[in-house]
Protein chains: 2
Amino acid sequence: MNSLTEENYLKALFNLSGGKGEATVNELSRQLGIKMPTVNSMMKKLAEKKLVLYQSYKPLKLTDKGRKEAAMVIRKHRLTEMFLVEKMGFGWDEVHQIAEQVEHIHAPVFFEKMDLLLGFPKVDPHGSPIPDKNGKMDWVNYRKLSDCNAGEAVILAAVTHSSDEFLKFLNSRDLGLGVKVKIKSVEIFDGSMIVSYGKRNAEALSKMVCENLLVH
Amino acid sequence: MNSLTEENYLKALFNLSGGKGEATVNELSRQLGIKMPTVNSMMKKLAEKKLVLYQSYKPLKLTDKGRKEAAMVIRKHRLTEMFLVEKMGFGWDEVHQIAEQVEHIHAPVFFEKMDLLLGFPKVDPHGSPIPDKNGKMDWVNYRKLSDCNAGEAVILAAVTHSSDEFLKFLNSRDLGLGVKVKIKSVEIFDGSMIVSYGKRNAEALSKMVCENLLVH
DNA sequence: TTATAAAGTTAGAGTATCCTAACATTAAAA
DNA sequence: TTTTAATGTTAGGATACTCTAACTTTATAA
């Protein structure tokens with residue numbers, strides 16, 4: 001059984017090593033807000049537990065076991081977020097902090113019940129995929145809004161990170177998942193976009209915002 | 001902000017000091033399964049935080065502050081149990097272990113939402129009162145079933161402790177809160193009772209069981 | 001009332017998690 | 001290619017929570 005602390009390291013490593021399957025001590029350190037030497041020794045500890053592949057001065061990788069255990073924490077986090085939104089009436093900008101705590105609860109039936117009551121959802125309220133009980137996660141091929149072109153019409157499918165401020169900003173512009181957005185123009189010099197959707201006819205979105213919105 | 005560990009000490013002390021308002025280091029030690037010297041030093045720490053009144057070789061008391069903080073943990077525990085039973089479909093024998101973990105979540109909105117969705121319940125699934133937001137708890141004057149006499153008809157209102165085995169035993173006999181029980185006879189030599197309720201006409205309940213059932 | 005048992009306390013040590021300071025290696029730049 | 005900057009590692013120490021062993025105080029009983 002992993003400690004709460006270990007679970008947080010595994011989760012962070014899982015999230016960081018998304019693409020290439022590896023991450024550095026430095027990245028993990030910044031992600032967790034924990035100093036490098038501390039991260040370093042925790043990596044050795046997790047390597048002893050066969051959760052992480054550790055070699056001096058080499059990037060970190062999760063073992064299959066480590067990846068699965070990380071995925072289960074993420075599964076619990078995302079099921080919780082979905083439950084909070086769908087069954088308890090919270091907004092998508094309120095659930096991250098709560099789920100951050102609930103994800104560490106050791107009670108399989110609790111999360112299986114959520115899963116059942118929710119009808120086995122595939123994504124969380126931010127559009128992120130929910131790993132299944134075996135730790136498998138469907139990665140759908142979303143595009144960044146910022147990679148789309150003027151004239152296209154796309155549907156918001158996910159946000160890449162779920163910080164309070166970003167979600168509140170989206171709320172304030174009536175932007176939520178499933179919203180159909182038409183790209184009216186793209187500014188060359190700063191990458192910002194003018195888009196229309198719902199009742200809004202000419203909303204400006206900065207490059208930063210467009211990079212954090214995933215569409216299909 | 002109290003740590004999870006501190007919260008467990010406060011809760012245990014609250015529960016133990018029910019009647020006379022005090023408890024001993026030894027009792028707390030046995031309740032928590034933690035050795036006396038450890039309890040002793042934690043009591044000094046909590047005394048520094050003005051949560052406990054500590055004097056060498058004297059019984060322990062909670063301060064008003066300590067009592068309130070303990071009550072909030074118990075409130076979270078009992079609201080959680082109620083939510084798990086009423087809104088998620090768990091049995092009353094399944095919720096204690098889960099609530100034991102959920103009670104330590106720091107997110108007032110989470111528990112306020114439960115409270116709201118439940119319609120501000122006054123008791124948990126085991127009949128124990130839920131402290132209000134100020135830590136106030138209505139102690140209703142229940143009687144032990146074992147203190148009742150042959151011929152009386154009473155209604156089960158609470159169980160004094162919610163161990164898995166005890167609750168499963170009650171389930172197996174169709175005994176739940178709200179059940180109207182008639183006492184047909186009381187055995188003098190061992191304190192056991194013959195009772196009737198629902199479709200059962202002559203069920204024997206040991207003294208032990210009768211002492212753990214509260215009625216009105 | 002003194003002897004003994006129970007409860008409470010102190011001292012010292014171990015594990016988990018974190019830190020800073022100093023040193024080593026690798027990667028980047030001159 | 002040598003220097004420098006960034007990253008990684010080791011060493012040693014701090015805090016929170018736990019323990020055992022030994023000692024003190026209080027309560028019980030002879």
Side-chain angles (χ1 to χ4, degrees), chain A residues 1-13 16-17 19-62 66 69-70 73 100-101 103-106, chain B residues 1-17 19-62 66 69-70 73 100-101 103-106:
Chain A
M1 181 88 86
N2 303 313
S3 70
L4 182 152
T5 308
E6 290 168 335
E7 287 188 348
N8 281 332
Y9 279 92
L10 289 173
K11 185 177 55 143
L13 186 47
L16 281 173
S17 57
K20 16 178 212 320
E22 47 185 59
T24 66
V25 173
N26 193 31
E27 287 165 346
L28 205 43
S29 170
R30 274 186 280 111
Q31 172 87 9
L32 290 167
I34 289 173
K35 293 291 185 291
M36 281 209 297
T38 306
V39 172
N40 189 279
S41 48
M42 181 57 88
M43 289 306 102
K44 289 180 172 179
K45 186 183 175 191
L46 293 180
E48 294 249 311
K49 295 179 75 172
K50 309 287 185 199
L51 296 165
V52 165
L53 295 168
Y54 174 87
Q55 286 179 285
S56 281
Y57 299 105
K58 295 278 170 60
L60 304 162
K61 288 182 195 177
L62 285 168
E69 297 191 9
V73 177
E100 204 70 8
Q101 298 177 68
E103 72 189 5
H104 298 295
I105 287 173
H106 293 292
Chain B
M1 180 87 84
N2 303 313
S3 70
L4 182 151
T5 307
E6 290 168 335
E7 288 188 347
N8 281 332
Y9 279 92
L10 289 173
K11 185 176 56 141
L13 187 47
F14 186 99
N15 284 144
L16 281 174
S17 57
K20 19 178 211 318
E22 48 185 57
T24 67
V25 173
N26 194 31
E27 288 165 346
L28 205 43
S29 170
R30 275 186 281 111
Q31 171 87 8
L32 290 166
I34 290 171
K35 293 292 184 291
M36 282 209 297
T38 307
V39 172
N40 189 277
S41 49
M42 180 57 88
M43 288 306 102
K44 288 180 174 178
K45 186 184 174 191
L46 293 179
E48 293 249 309
K49 295 179 77 173
K50 309 286 183 200
L51 295 165
V52 166
L53 295 169
Y54 174 86
Q55 286 179 285
S56 280
Y57 299 103
K58 294 277 169 63
L60 303 161
K61 288 181 195 176
L62 285 168
E69 297 190 11
V73 177
E100 204 71 7
Q101 298 177 68
E103 71 188 4
H104 299 293
I105 288 174
H106 293 291

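Any value given below was found using the heavy atoms of this structure, including those in side chains, with hydrogens, waters and symmetry copies removed. Order of the sequence lines sets the chain letters (A, B, ...), proteins ahead of strands, with each chain counted from 1.
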So do [Y] and [X] actually touch side chain to side chain, heavy atoms under 4.5 Å?
X: B:H104; Y: A:H104; answer: no
X: A:L13; Y: A:L46; answer: no
X: A:E103; Y: A:N8; answer: yes
X: A:L53; Y: A:E22; answer: no

What is the distance, rounded to the nearest whole Å, between atom [atom1] of [X] and atom [atom2] of [N]?
X: A:L32; N: C:dT17; atom1: CG; atom2: C1'; value: 13 Å
X: A:E7; N: C:dT17; atom1: CD; atom2: P; value: 11 Å
X: B:K45; N: C:dT9; atom1: NZ; atom2: P; value: 18 Å
X: A:K58; N: D:dT7; atom1: NZ; atom2: C1'; value: 15 Å
X: B:L4; N: C:dA16; atom1: CG; atom2: P; value: 18 Å
X: B:N2; N: D:dC17; atom1: CG; atom2: P; value: 10 Å
X: A:L46; N: C:dA16; atom1: CG; atom2: C1'; value: 13 Å
X: B:N26; N: C:dT9; atom1: CG; atom2: C1'; value: 13 Å

| query | With a 4.0 Å cut-off, would you call B:E100 and B:K11 a salt bridge? | reply |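 Salt bridge: yes.
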| task | Considering only NZ, NE, NH1 and NH2 on the basic side and carboxylate oxygens on the acidic side, decide whether B:E6 and B:K45 come within less than 4.0 Å. | result |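 Yes, B:E6 and B:K45 are salt-bridged.
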| said: I'd like to know whether NZ of A:K49 has more than 12 heavy-atom contacts from other residues, nucleotides or ligands below 6.0 angstrom. | reply: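 Counting neighbours around NZ of A:K49, more than 12 heavy atoms of other residues, nucleotides or ligands fall under 6.0 Å, so yes.
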| query | What is the distance from atom NZ of B:K35 to atom CG of B:N40, rounded to the nearest 0.5 Å? | reply |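 Reported to 0.5 Å precision, the distance equals 15.0 Å.
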| B:I34 side-chain proximity, nearest of D:dC19, C:dC18, D:dT9 |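 Of all the options, the side chain of B:I34 is nearest to D:dC19.
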| said: Side-chain N or O of B:T5 versus OP1/OP2 of D:dC17: is the shortest distance under 4.0 Å? | reply: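 Yes, because at least one side-chain N or O of B:T5 sits under 4.0 Å from OP1 or OP2 of D:dC17.
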| Side-chain N or O of A:Y9 closer than 4.0 Å to phosphate OP1/OP2 of C:dA16 |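 So the side chain of A:Y9 is outside the cut-off, no N or O lying under 4.0 Å from OP1 or OP2 of C:dA16.
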| said: Can you confirm whether the side chains of B:Q31 and B:N15 place a donor and an acceptor under 3.5 Å from each other? | reply: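 No, no side-chain donor-acceptor pair sits under 3.5 Å.
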| said: Tell me which residues in residues 35-44 of chain A lie within less than 4.0 Å of DNA chain C, going by non-hydrogen atoms. | reply: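 Of all residues in residues 35-44 of chain A, the ones placing a heavy atom under 4.0 Å from DNA chain C are A:K35, A:P37, A:T38, A:M42.
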Contact list (N/O, under 3.5 angstrom) for nucleotides 24-26 of chain C vs protein:
unit_1 : atom_1 : unit_2 : atom_2 : d
C:dT25 : O4'    : A:Y57  : OH     : 3.3

